Amino acid sequence: MKAPQTNSAVIHVHKGGKLVALVGNPNCGKTALFNGLTGSHQKVANYAGVTVERKEGRLISAAGKPLRLLDLPGTYSLHPRSPDERVTCDVLAGRARGEKRPDLVVCVLDATNLRRNLRLLLAVRRMGLPVVVALNMADLAAKRGIHVDPAKLSAALGVPVVRTVAIHKEGLDDLRAVLDQPEVWQAAPAAAEPEIDDQKTINALLANLGLSAELPELPSDRADRVLLHPVLGSIILAVLLFFLFQAVFAWAETPMGLIEAATAWVGEQVGGLLPEGLLRSFLVDGLVAGLGGVVVFLPQILILFFFILVLEESGYLPRAALLLDRLMGSVGLSGRSFIPLLSSFACAIPGIMASRSIANPRDRLVTIMIAPLMTCSARLPVYALLIAAFIPNREVGGFELQGLVLFGLYFAGILGALAVAWVIKRLGSSGREVRPLMMELPAYHWPQPRSVAIGLWQRAMIFLKRVGGIILVMTVALWALSTFPSPPEGATGAPIEYSIAGYLGRGLATIFEPIGFNWQISLSLVPGLAAREVMVSALGTVYALSATGDDTAGALAPLIAQTWSFATALSLLAWFVFAPQCLATLATIKRETSVKMALAAAGYLFALAYLASFLTYRVALYLGA
Ligand SMILES: Nc1nc2c(ncn2[C@@H]2O[C@H](COP(=O)(O)OP(=O)(O)OP(=O)(O)O)[C@@H](O)[C@H]2O)c(=O)[nH]1
Ligand SMILES: [Mg+2]
């Protein structure tokens, strides 16, 4: 089974061709360049630490020669401080498993920040690898009055320099042409200056290029006086997040209505055409009720991602990390964990991967352990279904009540994560060094509509592929288990009650009865292990098959609203805030840490989920729900 992010992280291996590696400081535009040169759509975003693993693509030089191009995590130096930097350093040193040393390094320099970027270039050159410089962000530099002459820089460095604007694909042809001229880069002297003199070398270089003047204040700095203000900035952050959840419900209403109507129509057509029987049951109760129930949540997922993509591209995320550093420090984390945790709102897997950019091993481990508590987008269909069924659609004090509840659920996950981090801090050895947060704050820029559109398209595809893949498979399997064996002669209940799934569900229900789950819910939890959204399609199928008499499956929400108590609904919501219901996430934890940690995560999440549901259910019953 593939998780969304590993899908987009397929590594293509091409035999033969020279190996070219893109190396540079974080956020200098390596991946944008990689995408432009190879036609890939790897993730580009405006913060440091986006790329955390090595990606390979195929590049055709100007003369038509195929080359292998590597996109690597950004690094500030060749002394790695975090797992992502280590990936890059290993590749450069030829230590990467099953991989030769690169034949050529394309060192990407951010033209707006040469002073810092040149340090890495000098270090790479010292390793003796042939180097070509891509002087990227040339557009931004020019806008800020920094005019770097590529020819002069090339002469000073003794390596070819190509001016590029990666996001507009400028300079890519020049770069492709240089790749065909090994005589230019291979001849470059591998200077062996000692490291201590780097600062002097760089100062002299910049002076030579006429670039040593102080830079004027940027619009970003002025914006940050408000956005990073301890009080004002925090209020803006809270309002922003709050607005996001309101929008997820308010904006999605119309498109969801359309999809629901379309699914119902398809169900009726198919149901009307076919005679009563297995095929009709499979199509209507299995596929349409199961898959249709999940697809309806596509609009909400896209709205959530629209906000995430815009925030990522604008450069706001590291600022939010800075604002939250104090709060996170109080539970033993640092602002460093913010971006991995925020990524986990999409899916815990990229979140866990993103924690590779955390240098401190203990912080990294805690971040990985609590990442599954962030509300991933696969939970959204489950939450949305239950909210639609049990929470009235009305306004409270000018806010949509349903949006408020959703916000509350996300908040519960965050609180849970902070609490767990706090407990780990208490349990663990005292010695967490408290260091000031050092994070690069990139200049703000407007997200490009094109890249947001591509991001949304990719998300939609990932979701639909899940629907057509794992969710489909699970739905079919569940339908089969729920249909066979057929009921005995003269049976009165719904056929599902006599099927394998019926027995399984009733068996499981003994475990889950204390927290208020009926056998249909207990049964649906099982396929939900494969992907959380499957819970929704599973409920759709199970309820469609549980209905007796002739009927087409009605919409799921009103059905469960009639048959479940409010306490059960609340208990199930609490369950989904904590439950370790995703095998792909546990597999990623194992890969990034150890089997022991993956088991520990599964165990503590299960215990927490059961406890939370138990308390919720009992309190709700006590209060008369
Ligand atoms: N104006 C401008 N922006 C660029 C250029 N190249 C990249 N960007 C933007 O710079 C940001 C960083 O780009 P990425 O390609 O993700 O940078 P990266 O070097 O791969 O970053 P890491 O993977 O974190 O090391 C994104 O917001 C891009 O849209 C450029 O030439 N000009
Ligand atoms: Mg990158």
Side-chain angles (χ1 to χ4, degrees), residues 9-25 28-42 44 51-75 78 80 84-109 117 120-136 150 153-154 157-164 166 169-192:
V10 170
I11 295 172
H12 308 277
V13 181
H14 306 279
K15 297 259 150 37
K18 286 215 182 311
L19 186 64
V20 181
L22 286 167
V23 174
N25 281 180
C28 66
K30 297 175 296 298
T31 304
L33 208 57
F34 177 83
N35 286 345
L37 288 169
T38 62
S40 325
H41 290 294
Q42 294 298 343
V44 168
T51 309
V52 291
E53 39 184 355
R54 141 197 192 294
K55 300 278 165 62
E56 180 168 341
R58 208 169 122 98
L59 151 75
I60 306 290
S61 75
K65 262 193 287 177
L67 300 163
R68 295 164 58 207
L69 187 65
L70 288 186
D71 183 20
L72 295 170
T75 179
L78 294 182
D84 59 339
E85 293 192 351
R86 194 162 308 126
V87 172
T88 302
C89 297
D90 284 351
V91 167
L92 288 182
R95 282 193 303 258
R97 232 185 334 141
E99 186 63 277
K100 62 175 178 176
R101 242 182 141 188
D103 298 293
L104 170 67
V105 171
V106 173
C107 193
V108 185
L109 299 184
N117 280 240
L120 182 66
L121 173 74
L122 296 183
V124 171
R125 219 172 46 164
R126 209 174 292 122
M127 293 189 87
L129 288 165
V131 179
V132 169
V133 166
L135 188 62
N136 195 38
L153 183 62
S154 170
L157 292 171
V159 299
V161 175
V162 179
R163 177 189 182 279
T164 60
K169 304 207 161 108
E170 277 176 44
L172 301 196
D173 288 337
D174 300 336
L175 203 52
R176 285 199 184 90
V178 174
L179 297 179
D180 283 323
Q181 305 161 355
E183 66 285 357
V184 194
W185 37 267
Q186 228 130 42

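Model, not experiment: these values are computed from the prediction.
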Please tell me if the side chains of [X] and [Y] come closer than 4.5 Å, counting only heavy atoms from C-beta onward.
X	Y	answer
Leu33	Lys30	no
Ser154	Val133	no
Leu104	Lys18	no
Leu69	Leu22	yes
Thr51	Gln42	no
Val178	Asp174	no
Asn136	Cys28	no

Enter the distance from [X]:[atom1] to [Y]:[atom2] here, rounded to the nearest 0.5 Å.
X	Y	atom1	atom2	answer
Thr38	Arg58	OG1	CZ	11.5 Å
Asp71	Glu53	CG	CD	10.5 Å
Lys169	Asp173	NZ	CG	11.0 Å
Arg68	Glu99	CZ	CD	4.5 Å
Ile60	Leu179	CD1	CG	11.0 Å
Cys107	Leu135	SG	CG	10.5 Å

Closest non-hydrogen atom pair, [X] against [Y]:
X	Y	value
Val52	Val87	O-CG2, 4.1 Å
Trp185	Pro130	CE3-CB, 3.7 Å
Ala166	Gly29	CB-O, 4.1 Å
Asp180	Ala62	OD2-N, 3.1 Å
Leu120	Thr75	CD2-O, 3.4 Å

Check for a donor-acceptor pair, side chain of Arg125 on one end and backbone N or O of Leu157 on the other, with a separation under 3.5 Å.
->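 Such a contact is found between Arg125 side chain and Leu157 backbone.
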Taking the side chain from Thr88 and the backbone from Pro73, do they hold a donor-acceptor pair closer than 3.5 Å?
->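 It does hold such a pair.
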